[in-house]
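For reference, the structure is listed below as structure tokens.
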Amino acid sequence: MVGWGEGRMDTTHSSPLGADGAEPVLQQHFDATIARDQRIEPRDWMPEGYRRTLIRQIAQHAHSEIIGMQPEAEWITRAPSLRRKAILFAKVQDEAGHGLYLYSAAETLGADRADLTERLIEGRQKYSSIFNYPTMSFADVGVIGWFVDGAAICNQVPLCRSSYGPYARAMVRVCKEESFHQRQGYELLMTMMRGTAEQREMVQDAVNRWWWPSLMMFGPPDDASPNSAQSMAWKIKRHSNDELRRRFVDMTVPQAEKLGVTLPDPELRWNEERGHHDFGTPDWDELMRVIKGDGPCNAERMERRRTAHEDGAWVREAATAHAAKQAARAEKGAVA
Ligand SMILES: CC(C)(COP(=O)(O)OP(=O)(O)OC[C@H]1O[C@@H](n2cnc3c(N)ncnc32)[C@H](O)[C@@H]1OP(=O)(O)O)[C@@H](O)C(=O)NCCC(=O)NCCSC(=O)Cc1ccccc1
């Protein structure tokens, strides 16, 4: 894992004229499309930096969905009822779907899916810091749905208006499912809060552990976010990291009150003048450490992903052989 601004993608896909040789008219057309809030589509000319930024963000997003299956999947076999097991199963499966959908979006930019997977497995590409924390009790499943999917919604709803068509369209479906995920998490927590004192303690403990890492999901503060300015100018990102973090806090505080839990931030209070909540500063050193690979579960998550990839080698080989056979048959049929 690498730090801010390091380890940028070098997966390039040459544009018809090449970034440097772009004729002004193509650049002007691109700029005008962005200015009119219209979409850039895969066959349109785009600056090389735009393509690379999108591949970086979409690949990291896809990796996050795939690695993000792990923390909750650990509880599938230990779910307290058949109903909770079925719900969790479906949710984790949805995350797999989001990952595959996003890899497809990256492919429309010329990225190779197998190459992106290699980059993840070799630690050359990032995934969200949030998935490097352990799930200690079943209440964590509820809190992940409430906080992590809630944060994902805050971050991803504006991405439905992202300037790159395939990414924006993928986000529409992903957000619908994330919204369902958030509700199931909150409903699970409401149920636990109506339960025993021990269950309420489990919920509060999970809230205490996940609150700050959830705020870190939005990325470094704006003045330490190397990609934000350009990504916002290109309308890939519609809001800054801090802006989305503030939205998440404003959205979550009343939900916490209704649930009856305390968010672990003594500085958290409503600011009448600003019409928003004031809140404390996340531990940015911790975020850096986790991104660099030194979080509580980084090694475990990567090892599991690597093993799953190796175990799946025979499926990929069989699918490739089958596809080759089908293609040969189709060709033979066409000749006859
Ligand atoms: C906001 C940001 C994450 C970062 O803004 P940018 O403008 O791109 O970067 P910025 O200049 O601010 O940062 C500098 C460097 O630091 C990296 N970095 C920053 N923050 C983090 C971090 N927290 N963790 C790790 N790395 C982080 C950043 O990539 C950049 O790397 P570079 O070295 O340049 O390559 C943006 O990429 C985005 O909106 N992505 C799409 C959404 C997305 O990917 N969501 C994932 C969660 S999906 C989910 O939760 C669903 C689910 C729920 C439940 C269960 C299962 C699944």
Side-chain angles (χ1 to χ4, degrees), residues 1 7-13 39-43 46 50-73 90-132 144-145 148-182 217-219 227 231 234-239 241 244 291 301-302 304-305 308-309 312 316:
M1 289 276 124
R8 275 167 213 287
M9 286 281 307
D10 58 6
T11 297
T12 51
H13 180 91
R39 296 271 161 78
I40 304 296
E41 296 297 339
R43 288 184 186 175
M46 60 186 84
Y50 178 83
R51 184 188 302 278
R52 274 203 301 273
T53 297
L54 274 166
I55 293 177
R56 177 185 65 79
Q57 178 166 326
I58 297 173
Q60 287 176 6
H61 193 165
H63 299 330
S64 303
E65 300 279 0
I66 297 296
I67 298 275
M69 295 162 71
Q70 291 186 32
E72 288 169 283
K91 178 184 191 285
V92 171
Q93 203 169 25
D94 283 352
E95 312 297 359
H98 298 171
L100 300 183
Y101 215 40
L102 284 160
Y103 284 128
S104 297
E107 282 177 326
T108 66
L109 290 153
D112 177 70
R113 187 183 297 217
D115 175 54
L116 296 179
T117 303
E118 284 301 320
R119 284 167 188 272
L120 169 68
I121 284 172
E122 289 167 9
R124 288 189 285 139
Q125 258 183 3
K126 299 184 172 87
Y127 59 90
S128 181
S129 52
I130 193 71
F131 303 117
N132 292 307
I144 289 177
V148 178
D149 286 280
I153 292 166
C154 270
N155 170 269
Q156 290 167 29
V157 165
L159 291 175
C160 297
R161 292 188 297 114
S162 178
S163 59
Y164 187 56
Y167 190 34
R169 288 189 289 274
M171 284 301 104
V172 174
R173 173 165 175 181
V174 167
C175 283
K176 280 187 183 154
E177 293 184 354
E178 301 293 25
S179 165
F180 169 73
H181 295 169
Q182 192 203 20
M217 278 178 77
F218 294 93
N227 300 299
S231 287
W234 276 328
K235 297 185 183 170
I236 293 173
K237 280 169 80 163
R238 292 292 186 151
H239 305 280
N241 299 355
L244 293 173
I291 290 182
R301 302 288 185 242
M302 289 303 285
R304 181 132 178 225
R305 181 69 194 89
H309 187 64
R316 291 191 296 279

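Note: hydrogens, waters and symmetry copies are ignored here, and every other heavy atom, side chains too, is used.
Rounding to the nearest 0.5 angstrom, the gap separating the CD1 atom in Ile55 from the OH atom in Tyr167 is 13.0 Å. Considering OG of Ser162 and CH2 of Trp234, their distance stands at 12.0 Å, rounded to 0.5 Å. If you take CD1 on Ile58 and OG1 on Thr53, they are separated by 10.5 Å, rounding to the nearest 0.5 Å. Note that CZ of Arg173 is 8.5 Å distant from CG of Asp94, once rounded to the nearest 0.5 Å. Put simply, OH on Tyr50 and CG on Leu109 are 8.0 Å apart, with the number rounded to the nearest 0.5 Å.
In this structure, Val148 and Pro71 have side chains that are not in contact, with every pair of non-hydrogen atoms separated by 4.5 Å or more. Contact check for Ile236 versus Tyr164: no side-chain heavy atoms found under the 4.5 Å cut-off. Using a 4.5 Å heavy-atom threshold, the side chains of Tyr127 and Asn132 count as touching. Within the 4.5 Å cutoff, no side-chain heavy atoms of Asn227 are placed close to those of Gln57. Using a 4.5 Å heavy-atom cutoff, the side chains of Gln182 and Ser179 are not in contact. For the pair Leu102/Met171, a side-chain contact is recorded, criterion being any heavy-atom separation below 4.5 Å from C-beta on. For the pair Ser104/Arg113, a side-chain contact is recorded, criterion being any heavy-atom separation below 4.5 Å from C-beta on.
When only modelled atom types and interatomic distance are considered, Glu65 and Tyr101 share no side-chain donor-acceptor pair under 3.5 Å. No donor-acceptor contact under 3.5 angstrom links the side chains of His63 and Gln60, judged on distance only.
Between Thr117 and the choices Gln125, Glu122, His309, the side-chain contact (heavy atoms from CB on, under 4.5 Å) rule is met once, by His309. Only one option out of His98, Lys91, Glu95, Arg304 pairs with Met69 in a side-chain contact (heavy atoms from CB on, under 4.5 Å); it is Glu95.
Minimum heavy-atom separation, Leu244 to Cys154: CD2-O, 3.5 Å. Counting all heavy atoms, side chain and backbone alike, Ile153 lies closest to Glu178 at CD1-O, 3.5 Å. Scanning both residues, Cys160 and Ala168, for their nearest heavy atoms gives O-CB, 3.4 Å. Shortest non-hydrogen contact noted between Met302 and Gly123 is CE-N, 4.2 Å. The minimum heavy-atom distance linking Thr108 with Pro42 is given by the pair O-CB, 3.7 Å. Here the closest non-hydrogen pair linking Ile66 and Gly99 is CD1-CA, 3.9 Å.
No donor-acceptor distance shorter than 3.5 angstrom exists from the side chain of Ser231 to the backbone of Lys237, with no hydrogens or angles considered. Looking at Arg301, its side chain never comes within 3.5 Å of a backbone N or O of Gly68 through a donor-acceptor pair. The main-chain N or O of Ile121 is never found under 3.5 Å from a side-chain atom of Arg305 such that the two would form a donor-acceptor pair.
Counting non-hydrogen atoms of other residues, nucleotides and ligands closer than 6.0 Å to CD of Glu41 gives a total above 12.
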